[in-house]
Amino acid sequence: MKRYGWILALIFLLAAKGVGILPQAREPEERKLVTALAVDGGEEIRVTAVTGVRVTEEEEAELLTGEGASLAQACRSLRGRSARRPYLGQTEQLLLGEGQDLRAALDFVLSDRELRLDTLLYIVRGPAGEALAASMEKVAGETGGEDPRGRTVGEILPRLAQKEYTLAPALAAGEGGALEPAGWAVLSPDGVEGYFEGEAALGAALLAGLGTEQVVTLPFGAVELLSVQTWMVDGALHCILTARVVEGIAKTEELEDWGKECLELALASDWDCWGLDQEEKLLRPLRWGQEEIPPSGLEIIVRGKLVEP
(Lines give C-alpha, C1' and ligand atoms only; values in the text may rest on other atoms or scores of the structure.)
Protein backbone atom coordinates (compact mmCIF):
# COMPACT_ATOMS: atom_id res chain seq x y z
CA MET A 1 0.00 0.00 0.00
CA LYS A 2 2.91 2.37 0.71
CA ARG A 3 4.08 2.04 -2.87
CA TYR A 4 0.64 2.98 -4.21
CA GLY A 5 0.50 5.90 -1.74
CA TRP A 6 3.72 7.36 -3.15
CA ILE A 7 2.43 6.93 -6.71
CA LEU A 8 -0.79 8.79 -5.88
CA ALA A 9 1.18 11.57 -4.19
CA LEU A 10 3.43 11.94 -7.24
CA ILE A 11 0.40 12.09 -9.57
CA PHE A 12 -1.11 14.83 -7.37
CA LEU A 13 2.09 16.90 -7.41
CA LEU A 14 2.41 16.68 -11.19
CA ALA A 15 -1.23 17.66 -11.65
CA ALA A 16 -0.90 20.52 -9.17
CA LYS A 17 2.14 21.90 -10.99
CA GLY A 18 0.31 21.61 -14.30
CA VAL A 19 -2.63 23.72 -13.17
CA GLY A 20 -0.44 26.27 -11.42
CA ILE A 21 -1.18 25.43 -7.78
CA LEU A 22 2.54 24.98 -7.00
CA PRO A 23 5.11 27.78 -7.56
CA GLN A 24 6.76 27.55 -10.96
CA ALA A 25 10.54 27.45 -11.40
CA ARG A 26 11.95 30.72 -12.74
CA GLU A 27 13.30 30.24 -16.25
CA PRO A 28 16.63 31.90 -17.12
CA GLU A 29 15.00 34.04 -19.81
CA GLU A 30 12.78 35.59 -17.12
CA ARG A 31 15.83 37.27 -15.58
CA LYS A 32 17.60 40.50 -16.47
CA LEU A 33 21.32 39.71 -16.54
CA VAL A 34 23.34 42.45 -14.80
CA THR A 35 26.81 42.94 -16.29
CA ALA A 36 28.03 45.95 -14.24
CA LEU A 37 27.11 47.17 -10.76
CA ALA A 38 28.12 50.56 -9.30
CA VAL A 39 27.97 51.46 -5.60
CA ASP A 40 27.66 55.01 -4.17
CA GLY A 41 26.29 56.80 -1.13
CA GLY A 42 26.93 57.25 2.58
CA GLU A 43 24.37 56.22 5.18
CA GLU A 44 22.01 55.37 2.32
CA ILE A 45 23.66 53.09 -0.25
CA ARG A 46 22.76 53.60 -3.89
CA VAL A 47 23.39 50.98 -6.55
CA THR A 48 23.26 51.43 -10.31
CA ALA A 49 23.16 48.41 -12.60
CA VAL A 50 23.50 47.95 -16.34
CA THR A 51 21.91 44.88 -17.90
CA GLY A 52 23.56 42.90 -20.65
CA VAL A 53 22.39 42.59 -24.21
CA ARG A 54 21.47 39.23 -25.71
CA VAL A 55 21.61 39.63 -29.48
CA THR A 56 19.41 36.59 -30.10
CA GLU A 57 16.64 38.21 -28.03
CA GLU A 58 17.12 41.65 -29.69
CA GLU A 59 17.47 43.19 -26.22
CA GLU A 60 18.56 46.70 -25.37
CA ALA A 61 20.69 47.69 -22.38
CA GLU A 62 18.68 48.81 -19.38
CA LEU A 63 19.68 50.99 -16.42
CA LEU A 64 18.36 49.94 -13.00
CA THR A 65 18.77 51.68 -9.63
CA GLY A 66 18.14 50.77 -6.01
CA GLU A 67 18.70 52.16 -2.51
CA GLY A 68 18.99 50.74 0.99
CA ALA A 69 20.68 50.98 4.36
CA SER A 70 23.22 48.36 3.23
CA LEU A 71 24.56 47.07 -0.06
CA ALA A 72 22.46 43.92 0.28
CA GLN A 73 19.28 45.94 0.87
CA ALA A 74 20.06 48.25 -2.04
CA CYS A 75 20.48 45.25 -4.35
CA ARG A 76 17.19 43.77 -3.14
CA SER A 77 15.54 47.10 -3.92
CA LEU A 78 17.18 47.00 -7.34
CA ARG A 79 15.61 43.63 -7.98
CA GLY A 80 12.15 44.94 -7.18
CA ARG A 81 12.18 47.59 -9.94
CA SER A 82 12.11 45.37 -13.02
CA ALA A 83 9.43 43.18 -14.55
CA ARG A 84 12.10 40.48 -14.72
CA ARG A 85 14.26 39.89 -11.67
CA PRO A 86 17.78 41.29 -12.12
CA TYR A 87 20.32 38.48 -11.76
CA LEU A 88 23.78 39.35 -10.35
CA GLY A 89 25.38 36.01 -11.21
CA GLN A 90 26.66 37.35 -14.55
CA THR A 91 28.06 40.61 -13.12
CA GLU A 92 31.50 41.13 -14.62
CA GLN A 93 32.35 44.52 -13.10
CA LEU A 94 31.84 45.88 -9.59
CA LEU A 95 32.53 49.63 -9.43
CA LEU A 96 32.99 51.33 -6.05
CA GLY A 97 32.47 55.09 -5.98
CA GLU A 98 34.91 57.28 -4.09
CA GLY A 99 34.66 56.90 -0.32
CA GLN A 100 32.84 53.57 -0.36
CA ASP A 101 33.51 50.95 2.32
CA LEU A 102 35.81 48.43 0.61
CA ARG A 103 35.47 45.81 3.32
CA ALA A 104 31.66 45.94 3.22
CA ALA A 105 31.70 45.51 -0.55
CA LEU A 106 34.05 42.52 -0.42
CA ASP A 107 32.03 40.95 2.41
CA PHE A 108 28.92 41.31 0.27
CA VAL A 109 30.59 39.45 -2.61
CA LEU A 110 31.58 36.65 -0.23
CA SER A 111 28.13 36.35 1.34
CA ASP A 112 25.93 36.93 -1.72
CA ARG A 113 24.72 33.76 -3.42
CA GLU A 114 25.00 35.22 -6.92
CA LEU A 115 28.06 37.47 -7.16
CA ARG A 116 31.22 35.55 -8.04
CA LEU A 117 34.85 35.85 -6.98
CA ASP A 118 35.85 36.36 -10.63
CA THR A 119 33.96 39.67 -10.67
CA LEU A 120 36.35 42.48 -11.64
CA LEU A 121 36.76 45.24 -9.04
CA TYR A 122 37.23 48.90 -10.01
CA ILE A 123 37.60 52.04 -7.90
CA VAL A 124 35.91 55.09 -9.41
CA ARG A 125 37.24 58.55 -8.59
CA GLY A 126 33.94 60.33 -8.05
CA PRO A 127 30.34 59.05 -8.29
CA ALA A 128 30.35 55.59 -9.87
CA GLY A 129 26.67 55.41 -10.77
CA GLU A 130 26.61 58.56 -12.90
CA ALA A 131 29.70 57.52 -14.85
CA LEU A 132 28.33 54.00 -15.34
CA ALA A 133 25.07 55.42 -16.65
CA ALA A 134 27.01 57.54 -19.16
CA SER A 135 28.90 54.41 -20.26
CA MET A 136 25.82 52.17 -20.43
CA GLU A 137 25.89 51.22 -24.11
CA LYS A 138 29.63 50.53 -24.08
CA VAL A 139 29.58 48.49 -20.86
CA ALA A 140 26.58 46.41 -21.95
CA GLY A 141 28.29 45.41 -25.17
CA GLU A 142 31.77 44.70 -23.75
CA THR A 143 33.26 41.68 -22.03
CA GLY A 144 34.94 42.93 -18.87
CA GLY A 145 37.04 39.79 -18.61
CA GLU A 146 39.08 40.97 -21.61
CA ASP A 147 40.40 44.02 -19.72
CA PRO A 148 44.18 43.51 -19.31
CA ARG A 149 44.15 45.71 -16.19
CA GLY A 150 41.31 43.75 -14.62
CA ARG A 151 41.76 42.43 -11.06
CA THR A 152 39.13 40.07 -9.71
CA VAL A 153 37.83 40.04 -6.16
CA GLY A 154 39.37 36.57 -5.81
CA GLU A 155 42.82 37.96 -6.72
CA ILE A 156 42.57 40.93 -4.38
CA LEU A 157 41.28 39.17 -1.26
CA PRO A 158 44.39 37.03 -0.47
CA ARG A 159 46.68 40.09 -0.38
CA LEU A 160 44.30 41.97 1.90
CA ALA A 161 43.93 38.90 4.13
CA GLN A 162 47.73 38.96 4.58
CA LYS A 163 47.48 42.66 5.55
CA GLU A 164 49.38 43.67 2.43
CA TYR A 165 48.81 46.39 -0.13
CA THR A 166 47.39 45.53 -3.52
CA LEU A 167 46.22 47.26 -6.69
CA ALA A 168 42.85 47.76 -8.34
CA PRO A 169 42.34 49.68 -11.59
CA ALA A 170 40.99 53.19 -11.09
CA LEU A 171 38.41 54.84 -13.35
CA ALA A 172 37.07 58.38 -13.63
CA ALA A 173 34.48 60.23 -15.67
CA GLY A 174 36.09 61.57 -18.81
CA GLU A 175 34.78 63.72 -21.62
CA GLY A 176 31.02 63.29 -21.81
CA GLY A 177 30.95 61.71 -18.36
CA ALA A 178 31.83 58.19 -19.55
CA LEU A 179 34.28 55.99 -17.64
CA GLU A 180 37.95 56.15 -18.60
CA PRO A 181 41.13 54.62 -17.07
CA ALA A 182 42.57 56.81 -14.29
CA GLY A 183 45.66 55.01 -13.03
CA TRP A 184 45.63 52.55 -10.12
CA ALA A 185 44.04 52.59 -6.67
CA VAL A 186 46.17 51.29 -3.79
CA LEU A 187 44.12 49.06 -1.48
CA SER A 188 44.81 47.94 2.07
CA PRO A 189 42.61 46.11 4.60
CA ASP A 190 41.51 49.59 5.76
CA GLY A 191 40.33 50.72 2.33
CA VAL A 192 41.75 52.91 -0.44
CA GLU A 193 45.13 54.34 0.63
CA GLY A 194 45.86 56.43 -2.45
CA TYR A 195 46.42 56.37 -6.20
CA PHE A 196 49.17 55.93 -8.77
CA GLU A 197 48.84 58.48 -11.56
CA GLY A 198 50.79 59.49 -14.65
CA GLU A 199 54.23 57.92 -14.95
CA ALA A 200 53.88 56.38 -11.47
CA ALA A 201 50.86 54.48 -12.82
CA LEU A 202 52.97 53.31 -15.76
CA GLY A 203 55.62 52.10 -13.31
CA ALA A 204 52.97 50.27 -11.28
CA ALA A 205 51.78 48.57 -14.46
CA LEU A 206 55.34 47.52 -15.37
CA LEU A 207 55.79 45.96 -11.93
CA ALA A 208 52.57 44.03 -12.52
CA GLY A 209 53.91 42.75 -15.84
CA LEU A 210 51.55 44.96 -17.84
CA GLY A 211 52.08 47.82 -20.24
CA THR A 212 52.80 45.82 -23.38
CA GLU A 213 51.40 47.07 -26.69
CA GLN A 214 51.55 50.67 -25.48
CA VAL A 215 53.54 53.26 -27.39
CA VAL A 216 56.15 55.19 -25.38
CA THR A 217 57.39 58.55 -26.63
CA LEU A 218 61.11 59.05 -26.10
CA PRO A 219 63.34 62.07 -26.85
CA PHE A 220 64.43 60.80 -30.30
CA GLY A 221 61.49 58.65 -31.31
CA ALA A 222 58.75 56.30 -30.10
CA VAL A 223 58.68 52.60 -29.29
CA GLU A 224 56.00 49.98 -28.73
CA LEU A 225 56.55 47.81 -25.65
CA LEU A 226 56.52 44.11 -26.48
CA SER A 227 57.35 42.50 -23.14
CA VAL A 228 58.13 43.36 -19.52
CA GLN A 229 60.09 41.18 -17.08
CA THR A 230 60.79 42.10 -13.44
CA TRP A 231 62.35 40.18 -10.59
CA MET A 232 64.02 40.73 -7.22
CA VAL A 233 67.46 39.50 -6.19
CA ASP A 234 70.01 40.68 -3.59
CA GLY A 235 67.96 43.72 -2.63
CA ALA A 236 67.74 45.00 -6.20
CA LEU A 237 64.82 45.19 -8.60
CA HIS A 238 65.72 44.06 -12.11
CA CYS A 239 63.61 44.91 -15.15
CA ILE A 240 63.98 44.03 -18.83
CA LEU A 241 61.96 46.07 -21.34
CA THR A 242 61.71 44.78 -24.90
CA ALA A 243 60.31 47.13 -27.53
CA ARG A 244 60.32 47.89 -31.23
CA VAL A 245 60.88 51.30 -32.78
CA VAL A 246 57.77 52.74 -34.44
CA GLU A 247 59.00 56.30 -35.02
CA GLY A 248 62.31 58.16 -35.23
CA ILE A 249 65.64 56.79 -34.02
CA ALA A 250 64.88 55.89 -30.40
CA LYS A 251 67.82 54.54 -28.44
CA THR A 252 68.11 51.75 -25.89
CA GLU A 253 69.42 54.15 -23.24
CA GLU A 254 66.33 56.32 -23.60
CA LEU A 255 64.07 53.32 -23.02
CA GLU A 256 66.08 52.34 -19.95
CA ASP A 257 65.95 55.86 -18.49
CA TRP A 258 62.18 56.03 -19.07
CA GLY A 259 61.60 52.65 -17.40
CA LYS A 260 63.78 53.50 -14.39
CA GLU A 261 62.02 56.84 -13.86
CA CYS A 262 58.59 55.20 -13.95
CA LEU A 263 59.65 52.47 -11.51
CA GLU A 264 61.21 54.97 -9.11
CA LEU A 265 57.98 56.99 -9.04
CA ALA A 266 55.90 53.87 -8.37
CA LEU A 267 58.16 52.75 -5.51
CA ALA A 268 58.62 56.20 -3.93
CA SER A 269 55.45 55.85 -1.83
CA ASP A 270 56.67 52.63 -0.13
CA TRP A 271 53.39 50.86 -1.01
CA ASP A 272 54.59 47.36 -1.87
CA CYS A 273 51.58 46.25 -3.92
CA TRP A 274 53.47 43.47 -5.73
CA GLY A 275 54.97 41.38 -2.92
CA LEU A 276 58.55 42.41 -3.75
CA ASP A 277 59.82 41.79 -0.23
CA GLN A 278 58.17 38.35 -0.12
CA GLU A 279 59.73 37.50 -3.49
CA GLU A 280 63.16 38.51 -2.20
CA LYS A 281 62.77 36.36 0.91
CA LEU A 282 61.65 33.35 -1.09
CA LEU A 283 64.78 33.61 -3.22
CA ARG A 284 66.97 34.37 -0.19
CA PRO A 285 65.52 32.41 2.80
CA LEU A 286 68.26 33.73 5.09
CA ARG A 287 66.59 37.14 4.89
CA TRP A 288 63.56 35.93 6.89
CA GLY A 289 63.55 37.80 10.16
CA GLN A 290 65.77 40.58 8.86
CA GLU A 291 64.62 44.15 8.52
CA GLU A 292 62.53 44.74 5.41
CA ILE A 293 63.91 46.98 2.68
CA PRO A 294 61.29 49.63 1.82
CA PRO A 295 60.42 49.86 -1.89
CA SER A 296 61.93 53.36 -2.07
CA GLY A 297 65.27 51.92 -0.88
CA LEU A 298 65.58 49.30 -3.62
CA GLU A 299 68.27 49.54 -6.25
CA ILE A 300 66.61 49.60 -9.68
CA ILE A 301 68.41 48.05 -12.65
CA VAL A 302 66.71 48.40 -16.05
CA ARG A 303 67.86 46.89 -19.31
CA GLY A 304 66.29 47.75 -22.62
CA LYS A 305 66.12 45.72 -25.82
CA LEU A 306 65.09 47.18 -29.17
CA VAL A 307 64.08 44.81 -31.94
CA GLU A 308 63.65 45.43 -35.64
CA PRO A 309 60.23 46.71 -36.79
Side-chain angles (χ1 to χ4, degrees), residues 17-18 20-41 44-97 100-124 127-157 168-169 171 177-179:
K17 184 176 181 180
I21 298 176
L22 295 180
Q24 303 295 309
R26 191 181 295 272
E27 297 295 331
E29 56 268 19
E30 293 180 11
R31 299 175 176 179
K32 296 292 285 186
L33 303 180
V34 171
T35 59
L37 182 70
V39 184
D40 291 298
E44 187 81 356
I45 300 298
R46 300 187 305 275
V47 293
T48 306
V50 170
T51 63
V53 176
R54 290 182 290 191
V55 178
T56 56
E57 300 293 332
E58 297 184 353
E59 289 184 327
E60 294 185 359
E62 186 177 350
L63 192 71
L64 307 174
T65 59
E67 297 181 353
S70 67
L71 182 51
Q73 290 180 7
C75 286
R76 284 197 293 270
S77 172
L78 170 76
R79 293 175 179 179
R81 298 191 179 192
S82 175
R84 295 192 297 180
R85 183 178 77 86
Y87 176 60
L88 300 180
Q90 296 296 319
T91 303
E92 294 182 333
Q93 303 174 49
L94 176 61
L95 292 74
L96 300 186
Q100 291 308 295
D101 189 331
L102 174 66
R103 182 175 299 179
L106 296 179
D107 286 345
F108 176 68
V109 175
L110 290 173
S111 61
D112 185 77
R113 295 182 180 181
E114 292 182 352
L115 281 173
R116 307 180 314 236
L117 289 177
D118 62 354
T119 300
L120 299 172
L121 179 67
Y122 292 88
I123 305 299
V124 180
E130 294 178 12
L132 178 60
S135 311
M136 182 173 68
E137 296 298 332
K138 180 180 178 182
V139 171
E142 285 186 343
T143 300
E146 295 178 355
D147 183 357
R149 301 198 316 150
R151 302 292 305 280
T152 68
V153 173
E155 291 174 316
I156 289 171
L157 279 172
L171 302 172
L179 290 166

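In this chain, residues are counted from 1 in sequence order. Quick note: numbers below take in every heavy atom, side chains included, and nothing from hydrogens, waters or symmetry partners.
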Check: Mind checking whether E67 and Q73 have side chains closer than 4.5 Å, heavy atoms only?
Finding: no

Next item on the list: Verify, without hydrogens or angle tests, whether Q100 (side chain) and L96 (backbone) share a donor-acceptor contact under 3.5 angstrom.
Entry: no

Note to self: For R46, is there any backbone N or O sitting under 3.5 Å from a side-chain donor or acceptor partner on D40?
What the structure shows: no

Checklist line | Point-to-point distance, once rounded to the nearest 0.5 Å, from CG of L102 to CD1 of I156 | finding: 8.0 Å

Next item on the list: State whether E114 and R85 are salt-bridged, where the test is any N-O pair (Lys NZ or Arg NE/NH1/NH2 against Asp/Glu carboxylate O) under 4.0 Å.
Entry: yes

Note to self: Just verifying a value: how many Å separate L78 CG and T65 OG1, rounded to the nearest 0.5 Å?
What the structure shows: 7.5 Å

Notebook entry, point to check: Picking from V50, T51, T48, what satisfies side chain to side chain contact (heavy atoms under 4.5 Å, CB included) with M136?
Noted result: V50

Margin query: Let me confirm one number: the CG-CG distance from L157 to L110, rounded to the nearest 0.5 Å.
Written below: 5.5 Å

Item checked: Pair R103 + D101: basic N to acidic O under 4.0 Å -> no

Notebook entry, point to check: Are the side chains of L95 and V39 in touch, meaning some heavy atoms are under 4.5 Å apart?
Noted result: no

Next item on the list: For A133 and L63, work out which heavy atoms get closest and say how close.
Entry: CB-CD2, 3.7 Å

Notebook entry, point to check: Looking only at heavy atoms, what is the nearest atom pair of R151 and P169, with distance?
Noted result: CG-CD, 3.9 Å

Checklist line | Student check: side-chain heavy atoms of V47 and L64 closer than 4.5 Å | finding: no

Item checked: Straight-line distance of L115 CG to Q90 CD, nearest 0.5 Å -> 11.0 Å

Check: What is the minimum heavy-atom distance between L132 and A38, and which atoms define it?
Finding: CD2-CB, 3.7 Å

Note to self: Taking the side chain as everything from C-beta on, heavy atoms only, tell me whether V153 gets closer than 4.5 Å to L120.
What the structure shows: no

Note to self: To check you understand the geometry: which heavy-atom pair defines the closest contact between F108 and C75, and what is its length?
What the structure shows: CZ-SG, 3.8 Å

Next item on the list: Would you mind reporting whether K32 and Y87 have side-chain heavy atoms less than 4.5 Å apart?
Entry: no

Check: How close do L106 and L121 get, heavy atom to heavy atom, and via which atoms?
Finding: CD2-CD2, 4.3 Å

Notebook entry, point to check: Just one of L33, V34, V109, L94 clears the side chain to side chain contact (heavy atoms under 4.5 Å, CB included) bar with L88, so which one?
Noted result: V34

Margin query: I'd like to know if the side chain of S135 reaches the main chain of L179, judged simply by a donor and an acceptor atom lying under 3.5 Å from each other, with no hydrogens or angles considered.
Written below: yes

Notebook entry, point to check: Is atom CD of E155 surrounded by more than 12 heavy atoms (other residues, nucleotides or ligands) closer than 6.0 Å?
Noted result: yes

Notebook entry, point to check: So which heavy atom on G177 is nearest to which on A134, and how close?
Noted result: O-CB, 3.4 Å

